Amino acid sequence: MYDLFDLHSREGEKAALATDAVVLRRFACGIEGELLAALNAVIAVAPLRNMVTPGGYAMSVAMTNCGAAGWVTDRAGYRYTREDPISGNPWPPMPAIFASLATRAAAVAGFEDFLPDACLINRYAPGTKLSLHQDKNETDFTAPIVSVSLGLPARFLFGGLRRNDKVTRVELRHGDVVVWGRSARLAYHGVDTLKDGEHPLTGRCRFNLTFRKAL
Ligand code: SIN
Ligand code: FE2
């Protein structure tokens with residue numbers, strides 16, 4: 001039997017961030033143990049690394065990928081590859097629990113039949129951030145983006161289609177999922193400098209999983 005509090009925290013809340021963009025509070029709570037186990041298995045095969053921007057700067061956020069395609073950057077530019085450039089092997093397959101979470105979250109947000117083929121894994125240590133950017137290296141902008149937060153909280157910035165558009169700031173906590181698409185698909189977004197802290201499941205860091213249809 002569930003009491004009202006349980007029911008409420010199980011369902012979570014769905015909050016509009018912008019037109020065609022929603023935050024599903026705590027949507028990933030309940031399966032976070034499995035998500036983190038799968039995440040660690042991916043990282044064991046395709047280690048987190050600080051990729052280099054086309055301009056030659058090492059990114060402060062450490063990244064890796066799973067799925068058929070992985071997002072990479074180096075001096076040659078931003079793109080998707082089928083192989084991990086470190087090992088030359090295909091990126092680890094997307095864990096079933098990742099794909100099903102992304103499909104369910106997209107459906108709740110109004111995007112049916114989302115089948116991601118790419119999952120970018122970001123690890124934020126205290127002091128790191130991700131500048132405002134658009135996700136635009138994908139071939140198909142009709143599919144949404146699904147973004148899962150695990151571990152330490154972070155301030156997420158969500159703007160419009162132009163870099164200088166007004167930005168909405170929202171705190172993303174462990175288990176929160178953001179979904180954006182359609183008119184918001186190319187919205188600028190980023191993550192403020194991570195504050196130090198300690199999370200019982202991830203320690204001193206935040207992980208973000210970004211699911212996309214890239215190919
Ligand atoms: C991203 O835009 O790649 C990640 C967003 C986030 O970490 O919440
Ligand atoms: Fe992004």
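Predicted model, so just to flag it, every value in this text is computed and none were measured.
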Quick one about W71 and N65 (side-chain donor to acceptor, distance below 3.5 Å, no hydrogens or angles considered), yes or no?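 No, no side-chain donor-acceptor contact under 3.5 Å.
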Main chain of [Y], side chain of [X]: is a donor-acceptor contact present, judged purely on distance under 3.5 Å?
X	Y	value
T73	V52	yes
T202	R206	no
D117	A214	yes
E34	E32	no
D165	G159	no
N122	F207	no
T193	T128	no
S149	R173	no
R163	L132	yes
T64	A46	yes

Which heavy atom in [X] sits nearest to a heavy atom in [Y], and how many Å separate them?
X	Y	answer
P116	F211	CB-CB, 3.9 Å
P85	T81	CD-OG1, 4.4 Å
F114	K213	CE1-N, 4.0 Å
A106	P144	CB-CG, 4.3 Å
N50	S60	ND2-O, 3.3 Å
A187	L161	N-CD2, 3.8 Å

[X] bridged to [Y] by N-O distance under 4.0 Å:
X	Y	answer
E171	K195	no
R212	D140	no
R25	D176	yes

Is any side-chain heavy atom of [Y] closer than 4.5 Å to one of [X]?
X	Y	value
K136	L186	yes
D84	P90	no
C66	F98	yes
V170	R155	no
V148	N208	no
K14	F27	no
M63	L130	yes
L201	L36	yes

Any chance you could measure [X], atom [atom1], to [Y], atom [atom2], to the nearest 0.5 Å?
X	Y	atom1	atom2	value
T103	D113	OG1	CG	8.5 Å
W91	R82	CH2	CZ	13.5 Å
R182	T142	CZ	OG1	10.0 Å
L157	H133	CG	NE2	10.5 Å
E138	L215	CD	CG	10.0 Å
L39	L48	CG	CG	7.5 Å

Would T210 and D135 count as a side chain to side chain donor-acceptor pair (under 3.5 Å) here? Give the steps. CA-CA 10 Å; T210 307; D135 289 6; 5.6 Å; no
Taking everything shown except [X] itself, do over 12 heavy atoms lie less than 6.0 Å from its [atom1]?
X	atom1	value
F141	CZ	yes
R185	CZ	yes
R79	CZ	yes

Would a hydrophobic clustering, with Ile, Leu, Val, Met, Phe, Trp and Tyr connected at side-chain separations under 4.5 Å, put [X] with [Y]?
X	Y	value
V23	I31	no
L24	L35	yes
M59	Y188	no
L17	V167	no
L101	I43	yes

Of all residues at least two apart in sequence or in a different chain, which pass the ring pair (Phe, Tyr, Trp, His ring centres under 6.0 Å) check with W180?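 Ring pair (Phe, Tyr, Trp, His ring centres under 6.0 Å) list for W180, sorted by chain: F156, F158, H189.
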What do the steps show when you test N89 against E83 for side chain to side chain contact (heavy atoms under 4.5 Å, CB included), and what is the final call? CA-CA 5 Å; N89 296 325; E83 283 91 32; 5.9 Å; no
